[in-house]
Amino acid sequence: MSNMLEALRGRIAEAMTRSFGAAAVGADPMVTPATDPRFGHYQSNAAMGLAKRLGRKPRELAAELVAAARLDDLCLPPQIAGPGFINFTLRPETITEELRHRLADERLGVAPVSPARRVVIDFSSPNIAKELHVGHLRSTIIGDCLARVLEFQGHAVLRRNHVGDWGTQFGMLIAHLQDVCPEALEEGGSVDLGDIVAFYKEAKRRFDADEEFKARSRGEVVRLQSGVPEAVRAWKALCDQSRRQFDEIYRRLDVRIEERGESFYNPFIPETLNELDALGLITESEGARCVYPEGFVNKQGDPLPLIVQKSDGGFNYDTTDMTAIRYRVRVEKADRIIYVTDAGQAIHFAMIFAAARKAGWLDGARAEHVPFGMVLGEDQKKFKTRSGETVRLKDLLDEAVARARAIVDKKNPELPGKRRAEVADTIGIGAVKYADLSQNRISDYVFSFDKMLALTGNTAPYLIYAYVRVQSIARKGDIDYGHLDPAALSTLETPEELELGRALLRLPEVIDVVARDLMPNRLTDYLFDLSQIFSRFYTNNRVLGDPRQTTRLALCDLAARTIRLGLSLLGIRVIAEM
RNA sequence: GCGCCUGUAGCUCAGCUGGAUAGAGCGCAUGCCUCCGGAGCAUGAGGUCCGGCGUUCGAAUCGCCGCAGGCGCGCCA
């Protein structure tokens, strides 16, 4: 049993039914990590809740539960405290035994979930012909992290980049392309259009300034939508060019994602609308076709619509999102669909989900919006460059790496230049990700290079440093952690050993919580806590040359592997030296 | 105007199905290198959990009413 919390929960649930029979069936054993180390490792608050239902004193019930529970193999005799808290302390032998298993377990005690589900995660989602900018940072990083966590649990995760690759803006882009790069309209061959963003800006400038160009642009939209091959080729060339620029950033961020843009869903729009219509969910209003999910009103207090077809016959993101959610359930057989977008879209998704539910599409599936707050500058205003421009992700990453490089150069000039470059890259990118993920994603997040790259505190550099220290011990002592014999791990004794051992055991519970709440900061909090405990351990417990060397090396190895695994779930790499 | 989100130490933030004396980092003060990397460790000061009322054995957490800030509010996404 590698998840101690689950184990205890099971034992208490069992004791509850044994002691109180039907009255306790389905009641929550209320087992949680202890709120304070002085209370032990875990606690159950079930007695207080039960007291009301059974009309008895909570401390009495707690005593009965303790008497009825079979816990001897896991913990010391439980203590009853306060109004009826039951406090559990794991036995040192239990902790040690479990750590022996972990030494030989690649997954460090985290069992794959059963049954595995099919999960669609919709994240990042930039627009074609535009830049990946700071506005995409959180969606990309958080979405990737959630994907990694759910994949590690064993779920089949479909990572979807719902890029904006359709719409009226393509008219001006195609018209501009005709003028500056006519060869892109020909069949076959790919063309390098250069900086697609500059291209977009120029097209936009002409569109705003030139009536003839504007008219031509409108014509191109029509040609594209009706599938004229030349227009479609131009569109593809534009998307390809954008994709190359996106992929460069995803590569640097080590983010894997499958592009499935809005255009992908075009063929499925008619059947989606037909089905909504057949269900009687579509109402016409001012020439537009609308779905009115209940409970949403506009500023006049009138029902708020999803406009699934505009009055000009065109489609918008309500249409695409309705089509996509239906496709994901019906065709991709998703059990769970997760949308990682800014909090400002909360109402939009609430409406999409409500409408999809009404249509019966979510009967066997769960749709969730995972909202996050804005990225703010240190002035607490929306994060912009000094000149007021949107911050490009590329520039942001470059600066993080450059700053990390400056720190490495200063701290460890003996490291060869090539290694310093790797270290700077790992730390710089890792710091950007960690800073974002360690924040409660709901609140707005103040972006600060200085804070994220700080060598102390809850930052990527601090965690990576803890990892590096373990590798450093190995180098010093000429140790190969791969050759440690699990059986040689003796029962933990010192307070620091026990504290570290207990912290290591928590990993499976933490992963469960992250997957349940989709809150990466629960994982970063744990890793930071673990790293601090590890630092305490190795400053106070000599490893090399100590009679307990083997046991302590095993703890070092487990700490390093736990940190490495945890960081990998955040999308952050480690290095052996820094 | 309505809706959503946020409000916790000087600053930046945690606080997980309501649980015990509310935590961390930074900053500040004071210790610790004959010792595995001091990018570290230890100790301390610092709180009207925005305010009020309510629910509960128990509220930072739930409900209602206010206050402040952010975001959104019909054919962009």
- Task: Classify the side-chain pair A:N541/A:T494 by whether it contains a donor and acceptor separated by less than 3.5 Å.
- Result: yes
- Is any side-chain N or O of A:K411 closer than 4.0 Å to OP1 or OP2 of B:A39? yes
- How far does the C1' atom of B:G27 sit from the matching atom of B:C13, given to the nearest Å? 14 Å
- Figure out the CE/P separation between A:M30 and B:C57, and round it to whole Å. 14 Å
- Message: When you measure from the side-chain N and O atoms of A:Y462 to the phosphate of B:C41, is any distance below 4.0 Å, counting only OP1 and OP2?
- Response: yes
- Message: Any side-chain N or O of A:R59 below 4.0 angstrom from OP1/OP2 of B:C57?
- Response: no
- Evaluate the criterion side-chain hydrogen bond (donor to acceptor under 3.5 Å, both in side chains) for residue pair A:R469 and A:Y465; output intermediate values, then yes/no. CA-CA 6 Å; A:R469 286 300 293 274; A:Y465 177 67; 2.7 Å; yes
- Query: Between A:Y467 and A:Y462, is the gap from one ring center to the other below 6.0 Å?
  - Reply: no
- Please walk me through it: do A:R506 and A:Y526 pass side-chain hydrogen bond (donor to acceptor under 3.5 Å, both in side chains)? CA-CA 8 Å; A:R506 287 185 51 215; A:Y526 167 70; over 6 Å; no
- Can you name the side-chain contact (heavy atoms from CB on, under 4.5 Å) partners of A:A346, sequence neighbours left out? A:H369
- Would you say the side chains of A:T319 and A:N316 form a donor-acceptor pair under 3.5 Å? yes
- Item | Per A:T35 side chain, nearest of listed nucleotides B:G74, B:A39, B:G19 | B:G19
- Is the distance from OP1 or OP2 of B:A14 to the nearest side-chain N or O of A:S443 less than 4.0 Å? yes
- Message: With a cut-off of less than 4.0 Å, is there a side-chain N or O of A:T456 near OP1 or OP2 of B:C26?
- Response: yes
- Message: Is it the case that B:G74 (base atoms only) and A:S285 (side chain only) share a donor and an acceptor within less than 3.5 Å, ignoring hydrogens and angles?
- Response: yes
- Item | Ring centers of A:F315, A:Y317 separated by less than 6.0 Å | no
- Query: Is A:T341 touching bases, backbone alone, or none of the nucleic acid, heavy atoms closer than 4.0 Å?
  - Reply: nothing
- Message: Can you see if the side chain of A:N440 gets near the phosphate of B:G15 - specifically, an N or O under 4.0 Å from OP1 or OP2?
- Response: yes
- Item | Nearest-angstrom distance from the residue atom CG of A:D525 to P of B:G15 | 7 Å
- Query: Expressed in whole Å, how much space separates the P atoms belonging to B:U8 and B:G3?
  - Reply: 24 Å
- Within 6.0 angstrom of A:D480 CG, more than 12 heavy atoms from elsewhere: yes
- Identify whether any heavy atom of A:Q169 sits under 4.0 Å from a base atom; if not, whether one sits that close to sugar-phosphate; answer base, sugar-phosphate or nothing. nothing
- Message: Classify A:L544 by what it touches in the nucleic acid, base, sugar-phosphate, or nothing, heavy-atom distance under 4.0 Å.
- Response: base
- Query: B:G3 P sits how many Å from A:M351 CE, rounded?
  - Reply: 16 Å
- Message: Pairing donors with acceptors under 3.5 angstrom, does anything connect the side chains of A:D436 and A:Q439?
- Response: no
- Message: Among B:C16, B:G74, B:U12, which nucleotide has an atom closest to any side-chain atom of A:Q380?
- Response: B:U12
- Message: Measuring to OP1 and OP2 of B:U21, would you say a side-chain N or O of A:R38 lies under 4.0 angstrom away?
- Response: no
- Note on the structure: Taken to the nearest whole Å, NE2/A:H369 to C1'/B:A77 is 12 Å
- Query: Salt bridge between A:E422 and A:R420, side-chain N to carboxylate O under 4.0 Å?
  - Reply: no
- Task: Please work out if A:D28 contacts a base, only the sugar-phosphate, or nothing of the nucleic acid, heavy-atom cut-off 4.0 Å.
- Result: base
- Message: Can you say whether a donor on the side chain of A:Y465 sits under 3.5 Å from an acceptor on the base of B:A39, or the other way round?
- Response: no
- B:A20 phosphate, OP1 or OP2: any side-chain N/O from A:N87 under 4.0 angstrom? no
- Mind checking the P distance from B:G66 to B:G40? Whole angstroms is fine. 49 Å
- Query: For A:K451 and B:C11, is the shortest distance between a side-chain N/O and OP1 or OP2 below 4.0 Å?
  - Reply: no
- Query: If we take the P atom in both B:C2 and B:C11, what is their distance in whole Å?
  - Reply: 31 Å
- Selected nucleotide, minimal atom distance to A:R542 side chain, candidates B:C16, B:G38, B:C36: B:C36
- Task: Starting at atom CD1 of A:I347, determine the distance to atom P of B:G70, rounded to an integer number of angstrom.
- Result: 17 Å
- C1' gap between B:G31 and B:G10, integer Å: 24 Å
- Separation of the C1' atoms in B:U17 and B:U21, to the nearest angstrom: 24 Å
- Query: Mind checking who B:A9 pairs with, Watson-Crick or G-U wobble, both distances under 3.5 Å?
  - Reply: none
- Item | RNA chain B-proximal residues of residues 527-541 of chain A, any heavy atom under 4.0 Å | A:F528, A:Q532, A:S535, A:R536, A:Y538, A:T539, A:N541
- Considering Watson-Crick and G-U wobble pairs with both distances under 3.5 Å, what does B:U43 pair with? B:A29
- So what does A:V468 touch, heavy atoms closer than 4.0 Å: a base, only the sugar-phosphate, or nothing? base
- Message: Using atom C1' in both nucleotides, what's the gap between B:A14 and B:U61 to the nearest angstrom?
- Response: 13 Å
- Message: OP1 or OP2 of B:G37 versus the side-chain N and O atoms of A:K476: is any pair under 4.0 Å?
- Response: no
